[in-house]
**Q** 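What follows is a single structure, and I will ask about it in a moment.
The analysis underlying the following values was restricted to heavy atoms, covering all of them including side chains, and did not include hydrogens, waters or symmetry mates. All ligand and atom numbering here is 1-based and tracks the order in the structure.
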Amino acid sequence: MKLLLTVLKRTHKPALSTGHRRSLSASSGLLPLRDEALVVGSTRELVQRLGSQVEVRTGFITEEEEGAFLRELEPGLKKKRYEYDHWDDAIHGYRETERARWGAACEEVLNRVRSVAFPEGSPLLGPVHILDLDKSGFIKPHVDSVKFCGSTIAGLSLLSDSIMRLVKEDATSEWLDLLLPRRSLYILRDEARYKFTHEILKDEESVFNGQRVPRLRRISVMCRNLPS
Ligand code: OGA
Ligand code: MN
């Protein structure tokens with residue numbers, strides 16, 4: 001069964017040559033004001049300019065809250081098989097679902113996500129999108145469909161740290177890497193959402209600012225708003 005939300009993946013762009021983006025030079029823009037520098041990029045200017053449209057909040061959920069999500073999600077996910085064979089898809093090694101109704105603990109977290117990520121009154125995509133990446137799974141560079149979702153994407157990361165890479169669509173030397181620690185929330189808005197592709201690196205390529213970040217199985221819980 002294909003979910004409505006898999007339509008989001010159709011606009012993905014082919015993988016870019018990433019060689020020039022892997023080595024971070026001395027001019028790399030570490031963002032000094034942000035706690036633990038979770039965002040690095042091709043230049044300091046880009047990190048600063050895009051900084052307001054890219055947020056990573058460490059420890060957004062507690063271990064108990066992560067447990068509550070896993071208890072709600074695992075039974076349904078376990079019934080599905082990871083998909084590997086559609087290698088032209090934007091996502092490799094994944095299973096996914098969506099959920100509109102949640103138990104109290106998860107609903108409370110989701111309300112917190114909604115209140116920090118979206119402008120008040122902004123109509124949201126009803127169901128929350130859940131993506132379970134196997135340890136070998138990864139998400140290739142893509143832009144979420146502008147037809148189905150609006151200016152803001154907010155995602156919780158469960159079970160594993162990971163690296164999200166943003167690359168400017170029409171100028172691939174401009175990039176940002178976001179370190180998404182387990183239990184963090186990330187938010188992409190506006191230019192970062194529309195003009196940059198985003199991807200989740202595979203384990204073998206998961207190096208942030210020179211530091212290896214092992215990628216295990218990872219579940220993301222994503223909220224989106226509707227196009228205006
Ligand atoms: C997507 C996507 C990122 C994530 O499903 O379109 O980009 O955090 N997911 O799983
Ligand atoms: Mn996406």
**Q** How about H92 and D134: does a side-chain donor come under 3.5 Å of a side-chain acceptor?
**A** no
**Q** Checking one value in my table: which N/O/S atom of D144 lies closest to the Mn ion (ligand 2)?
**A** OD1
**Q** Determine, stepwise, if the pair L38 / T58 fulfils side chain to side chain contact (heavy atoms under 4.5 Å, CB included).
**A** CA-CA 9 Å; L38 299 169; T58 341; 3.5 Å; yes
**Q** N225 versus I153: any side-chain heavy-atom pair under 4.5 Å?
**A** no
**Q** Considering the heavy atoms of S220, write down every atom of ligand 1 situated less than 4.0 Å from one of them.
**A** 4 (C), 8 (O), 10 (O)
**Q** Taking 4.0 angstrom as the limit and counting only heavy atoms of Y186, give me the atoms of ligand 1 inside it, by number and element.
**A** 3 (C), 4 (C), 8 (O)
**Q** Side chains of H129 and E96 only: does a donor on one sit below 3.5 Å from an acceptor on the other?
**A** yes
**Q** Begin from the C-alpha positions of E65 and R112 and carry the test salt bridge (Lys or Arg N to Asp or Glu O under 4.0 Å) through to its verdict.
**A** CA-CA 12 Å; E65 288 167 335; R112 228 157 67 213; 3.0 Å; yes
**Q** Classify the contact between L133 and ligand 1 as side chain, backbone, both or neither, using a heavy-atom distance cut-off of under 4.0 Å.
**A** neither
**Q** Would you call K140 a ligand 1 contact, heavy-atom distance under 4.0 Å?
**A** no
**Q** Can you name the atoms of ligand 1, numbered from 1 with element, that are less than 4.0 Å from a heavy atom of L131?
**A** 5 (O), 10 (O)
**Q** State the atoms of ligand 1, each with its element, that fall below the 4.0 Å cut-off from a heavy-atom position in H142.
**A** 1 (C), 2 (C), 6 (O), 7 (O)
**Q** Side chains of R218 and S162: donor-acceptor distance under 3.5 Å anywhere?
**A** yes
**Q** Hey, which atoms in ligand 1 end up nearer than 4.0 Å to a heavy atom of R218?
**A** 4 (C), 8 (O), 10 (O)
**Q** Just to be sure I read this right, does ligand 1 sit under 4.0 Å from the backbone of I153, its side chain, both, or neither, counting only heavy atoms?
**A** neither
**Q** Once you restrict to heavy atoms under 4.0 Å, what part of E199 touches ligand 1? Side chain, backbone, both or neither.
**A** neither
**Q** At the 4.0 Å heavy-atom cut-off, does E96 count as touching ligand 1?
**A** no
**Q** Dump the intermediate steps for side chain to side chain contact (heavy atoms under 4.5 Å, CB included) on R182 and S157, then the final yes or no.
**A** CA-CA 5 Å; R182 178 178 184 178; S157 299; 6.0 Å; no
**Q** Whether R101 and E107 form a salt bridge (side-chain N of Lys/Arg under 4.0 Å from carboxylate O of Asp/Glu) is what I want to check.
**A** no
**Q** Test of geometry: compute the angle NE2(H198)-the Mn ion (ligand 2)-NE2(H142) and round it to 10°.
**A** 90°
**Q** Minimum heavy-atom separation for A117 to R189, with atom names?
**A** O-NH2, 3.2 Å
**Q** Out of all atoms in ligand 1, which are within 4.0 Å of some heavy atom of R224? Include the element for each.
**A** 1 (C), 5 (O), 6 (O)
**Q** Under 4.0 Å from a heavy atom of D144: which atoms of ligand 1 are those, numbered in the order shown and with their elements?
**A** 6 (O)
